[in-house]
Amino acid sequence: MQITAAALAQLIDATVEGDPDVVITGPARIEEATAGQITFLANPAYEHHLYQTMATAVLVSREFQPKTSIRPTLLRVDNVYETVSGLLQVYQQDQVATLPRQVSQHASVADSAVLGDEVRVGKFTVVCERATIGAGTVVLDQVYIGDGVRIGTNCLIHPGARILQGCVIGDNCVLHANAVIGSDGFGFLPDGEGNYRKVPQVGKVVIEDDVEIGAGTTIDRATMGATLIRKGVKLDNLIQVGHNVEIGPNTVIAAQAGIAGSTKIGANCRIGGQVGIAGHLTVADGTNLQAQSGVARHIKETNQALGGSPAFSYRDYVKSTILIGRLPDLYRRLARIEKKVNE
Amino acid sequence: MQITAAALAQLIDATVEGDPDVVITGPARIEEATAGQITFLANPAYEHHLYQTMATAVLVSREFQPKTSIRPTLLRVDNVYETVSGLLQVYQQDQVATLPRQVSQHASVADSAVLGDEVRVGKFTVVCERATIGAGTVVLDQVYIGDGVRIGTNCLIHPGARILQGCVIGDNCVLHANAVIGSDGFGFLPDGEGNYRKVPQVGKVVIEDDVEIGAGTTIDRATMGATLIRKGVKLDNLIQVGHNVEIGPNTVIAAQAGIAGSTKIGANCRIGGQVGIAGHLTVADGTNLQAQSGVARHIKETNQALGGSPAFSYRDYVKSTILIGRLPDLYRRLARIEKKVNE
Amino acid sequence: MQITAAALAQLIDATVEGDPDVVITGPARIEEATAGQITFLANPAYEHHLYQTMATAVLVSREFQPKTSIRPTLLRVDNVYETVSGLLQVYQQDQVATLPRQVSQHASVADSAVLGDEVRVGKFTVVCERATIGAGTVVLDQVYIGDGVRIGTNCLIHPGARILQGCVIGDNCVLHANAVIGSDGFGFLPDGEGNYRKVPQVGKVVIEDDVEIGAGTTIDRATMGATLIRKGVKLDNLIQVGHNVEIGPNTVIAAQAGIAGSTKIGANCRIGGQVGIAGHLTVADGTNLQAQSGVARHIKETNQALGGSPAFSYRDYVKSTILIGRLPDLYRRLARIEKKVNE
């Protein structure tokens, strides 16, 4: 990447303030940018860095008013984050050499597996019997693709991911390193003498299009039927999804959250890190769960914000948690009143 | 699977209500079952599905009374869950072709390793020096079995599991994908200048018979001696077990729980998801810990149900958490009283 | 190991009480030690074991006063834990045969990769283009080292660890089994119609010297720039570190904690298990976070102990949580007063 501010401005539909002829070599964060780099300011909490940055150019919103005069060239755009995202995309394609689309001689691909055009299969990757991989999908090294697994087109599967027997992955999905798709559901029956007998887990996991699954995340197969991850869902790292769970379209879940078996999460929910949701529940569309909250009942009304464990209205949660810190004071006040009244 | 309701009823000791001649082709959940399938009703929360299911047959308890007449054939049994579990077992054996018991030519097995009869070793799996694997054990692909590891008979080790040097696994155990057995305990000594020096972890992990370890779960080796997982323990996914922990027989732990070093959990405990238990504690037999609770003291009395962080009696926990939500109201009431009394 | 108590005492600068001629064969924990073994007593909670141990010798502090006479030989030292740690080190070197420093014929090492002297590369390990591995580093089996990764000297990389493209590891680091370094940060932009578009993550992870990363822990690469793990940091198992996080020198974090994107943790912090820290925050040096606590605001004052979610002063946290259990009683008292005052 080597482009003048003026030329870049034209590409991204920006207006230029300052020297349009400076040359930009790549993107960087505002705390770290050095001469030649372009950075951005979107979150006001970072504004103080703007007045010290060594960056050559800075993306800002059309409305932004700096508090003092600024050395770097400003590029004003409608949506700073979107423009940055677009720039990174260009930069990434620049940086990552296109991986050859071929089956490594160190891979093991079953004769009955079916690979589409332009598929890459990496080193020490196993593709089992009757698996199918759609055109343009890149399977990196040391991946496991079990019997009868179906993977759509243009997916990216990172090293160490395990897609176990019979699971289905849609188009344009990304599976990160060491993710596990299709581990057994946690189902056991007590035998009356304290021992547990395993309930066979004969279902599968179905992941629809445009889904991203984080590193180390585990998704259990259904006991019967399918654990279902709908179109556009984004799961962060180290998340646990139990058997027969369904996660609705475009729901986003942060790291280390856990969802117990047979629970059905709606569409467009935003679920924070380390949230826990009990089994056999329904969570309505648009639910917003504060990090570390715990859900133990159905959430029927849509678009609520909830916090706490067990979770309740986020507004009340904020008030109550402040008051928890004041409990020692409250007890003192109550004792004082009691004394006064009983005198 | 292709069997009439009458023939199946005889196999599972059921009584038939409705057409005994319908043909059943496989099991399914009640929300999803289609013509030809058998489903079941055990949890009353799912009863409304019964009146709409397209299933050909439904397993119910001997006592169950439907609210209206029902189209599918009913098969009445003593224990619905147990019968379903048995049916799934049959179906699974039907479905999964028996894996050939052989050592893959893509595996690496040390000359000094000892393999019993009918052992399978998968592709890109490593079996190190002096490891022993008991008869009938299936080790799938990309597994690591370290120096001197001993694995019993009839175990199933899923892809990407790591059993590190010196650890011991009993008979009939299942290790799920990417589980780690025998990572170093987290032991460091401060050197007085803010740095930490590693305490060597020279112990091991011993897992007894009939244990199941979930996907991505990590069990640290002991500093000295052994981290001990007793007979019949079931661990779900992404659980952390610290060094020198002992988990008693038939204890069941849900996903993402964590147990810090040297803690001793009793037998027949039921520990919920995302529970945390601090180090050097004893938890009595039969303890039942609510999901997301935190234990920071010894639990000496057996068979208690506890919740909250720090955990206390589950009954009181339920009451208290309801009251937390009412704290803003409580503060208002207190202020009102104070005003009145002080007037 | 086969040494008399007298000879060992000389090596570790101990004074002997009891028979100096007994022969010691190895170390063990005080609950488990058998004849011939040396054990130790440092934590007073374990003192009762001292009066029953079968151990031949016991390390104790110079000040320790047994309550009755003791059978084993006592070795008194200045710092019991340090001496034990030193003994284990000797024992470990005794036990683990030195691994040959060679590249396995079952590894795949790119022609452009650069390996220092005395490097080991294990079976089914992949070392990609332009990666460099410093002298004396041991890379065990089934590890992935991506394009352009740089690893320092004398590191130990356990089976199944994934170090993705462009990441940097310092000297003397330990990466445990199935750890993931450099997974994509969790960055998505809503498109206004409920869908999310991925923000490319083009940065990397930089890990400085003397760092230990636990089994299954995931560290995301920066969107731009670097996620930074400073010298001497110790991370336990199943921890999540978000993109652009910085963790200061010698900070220690227990298992299953999670740190969201762009947060900056200071030096010498001690962070408990299952702690969650929200994004874009600063946590001051020396902060001590109780297990399961949650941080949702900047922590500016150094060396504070905090607990709870959201976290506040640990002292107040302890008081408040006790009072939560007494809320039902408090409500009763308040109602009684109200009745009295309103009569």
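Protein chains get the first letters and strands the later ones, always in sequence-line order, with residue 1 at the start of each.
- Within the 4.5 angstrom heavy-atom criterion, atoms from both the backbone and the side chain of A335(C) approach chain B.
- Across every non-hydrogen atom of Q256(C) and G258(B), the tightest pair is OE1-CA, 3.3 Å.
- Between chain B and the residues A177(C), G273(C), G232(C), the largest count of heavy-atom pairs under 4.5 Å involves A177(C).
- Counting heavy-atom neighbours within 6.0 Å of R150(B) CZ, excluding the residue itself, gives a total of 12 or less.
- Minimum heavy-atom separation, D236(C) to Q240(B): OD1-NE2, 3.9 Å.
- The two residues L88(C) and P200(B) make their nearest non-hydrogen contact at CD1-O, 3.3 Å.
- With a threshold of 4.5 angstrom between heavy atoms, A215(C) approaches chain B through its backbone and through its side chain.
- With a 4.5 angstrom heavy-atom cutoff, V199(B) touches chain C via backbone and side-chain atoms both.
- Looking at T125(B), the atoms closer than 4.5 Å to chain C (heavy atoms on both sides) all sit in the backbone: N, CA, C or O.
- In terms of non-hydrogen atom pairs under 4.5 Å with chain B, the most contact-rich of I253(C), N79(C), V318(C) is I253(C).
- Here the side chains of H158(C) and V180(B) are not in contact, with every heavy-atom distance at 4.5 Å or above.
- The contact between N43(C) and chain B is made entirely by side chain atoms (from C-beta outward), counting heavy-atom distances below 4.5 Å.
- Using a 4.5 Å cut-off between heavy atoms, L330(C) contacts chain B through its side chain alone, with no backbone atom that close.
- In plain terms, the two heavy atoms of A257(B) and Q274(C) that are nearest each other are C-NE2, 4.0 Å.
- Here D184(B) is the residue among T321(B), L334(B), I322(B), D184(B) with the most heavy-atom pairs under 4.5 Å with chain C.
- With chain B as the partner, the residue from N268(C), I337(C), V252(C) showing the most heavy-atom pairs under 4.5 Å is V252(C).
- Interface remark: of the candidates G122(C), G86(C), G160(C), G216(C), G160(C) forms the most heavy-atom pairs closer than 4.5 Å to chain B.
- Using a 4.5 Å heavy-atom threshold, the side chains of P159(C) and L164(B) count as touching.
- For the pair T218(B)/H176(C), no side-chain contact is recorded, criterion being any heavy-atom separation below 4.5 Å from C-beta on.
- In terms of heavy-atom pairs under 4.5 angstrom with chain B, the leader among Q142(C), K123(C), E31(C), H106(C) is Q142(C).
- Side-chain contact between E212(C) and F188(B) is present, with at least one heavy-atom pair separated by less than 4.5 Å.
- Taking CD1 of I219(B) as the start and CG of N237(C) as the end, the distance is 10.5 Å to the nearest 0.5 Å.
- With a 4.5 Å cut-off on non-hydrogen atoms, I324(C) touches chain B through its backbone and its side chain both.
- Proximity to chain C is limited to the side chain of F312(B), based on heavy atoms less than 4.5 angstrom apart.
- Ranking G194(B), G225(B), S183(B), G187(B) against chain C, the residue ahead of the rest is G194(B), based on heavy-atom pairs under 4.5 Å.
- No side-chain heavy atom of K319(B) sits less than 4.5 Å from a side-chain heavy atom of Y331(C).
- At a 4.5 Å heavy-atom cutoff, the contact between L327(B) and chain C is made by backbone and side-chain atoms alike.
- With a 4.5 Å cut-off on non-hydrogen atoms, F124(B) touches chain C through its backbone and its side chain both.
- In this structure, chain C has a heavy atom under 4.5 Å from the side chain of R162(B), while its backbone stays farther away.
- Neither the backbone nor the side chain of A311(B) comes within contact range of chain C; no heavy atoms are under 4.5 Å apart.
- Neither the backbone nor the side chain of R333(C) comes within contact range of chain B, judged by heavy atoms closer than 4.5 Å.
- Interface remark: R326(B) contributes backbone and side-chain atoms alike to the contact with chain C (heavy atom separation under 4.5 Å).
- Around NZ of K264(B), the count of heavy atoms belonging to other residues, nucleotides or ligands within 6.0 Å does not exceed 12.
- Among V84(C), L238(C), T39(C), the residue making the largest number of heavy-atom pairs under 4.5 Å with chain B is L238(C).
- Only the side chain of L189(B) comes within contact range of chain C, judged by heavy atoms closer than 4.5 Å.
- Side-chain contact between Y317(C) and P310(B): present, with at least one pair of heavy atoms (C-beta onward) separated by less than 4.5 Å.
- By the 4.5 Å heavy-atom criterion applied to side chains, E32(C) and M224(B) are not counted as neighbours.
- For the set V341(B), D316(B), D220(B), T223(B), the count of heavy-atom pairs under 4.5 angstrom toward chain C peaks at D220(B).
- If you measure heavy-atom distances from V275(B) to chain C, the contacts under 4.5 Å come from the backbone alone.
- Proximity to chain C (any heavy atom under 4.5 Å) is shown, for N244(B), by both the backbone and the side chain.
- Note: H280(B) and Y46(C) meet the aromatic proximity criterion, with ring centroids under 6.0 Å apart.
- Residue R270(C) places its CZ atom among 12 or fewer non-hydrogen atoms of other residues, nucleotides or ligands, all under 6.0 Å distant.
- The main-chain N or O of S293(B) is found under 3.5 Å from a side-chain atom of Q292(C) such that the two form a donor-acceptor pair.
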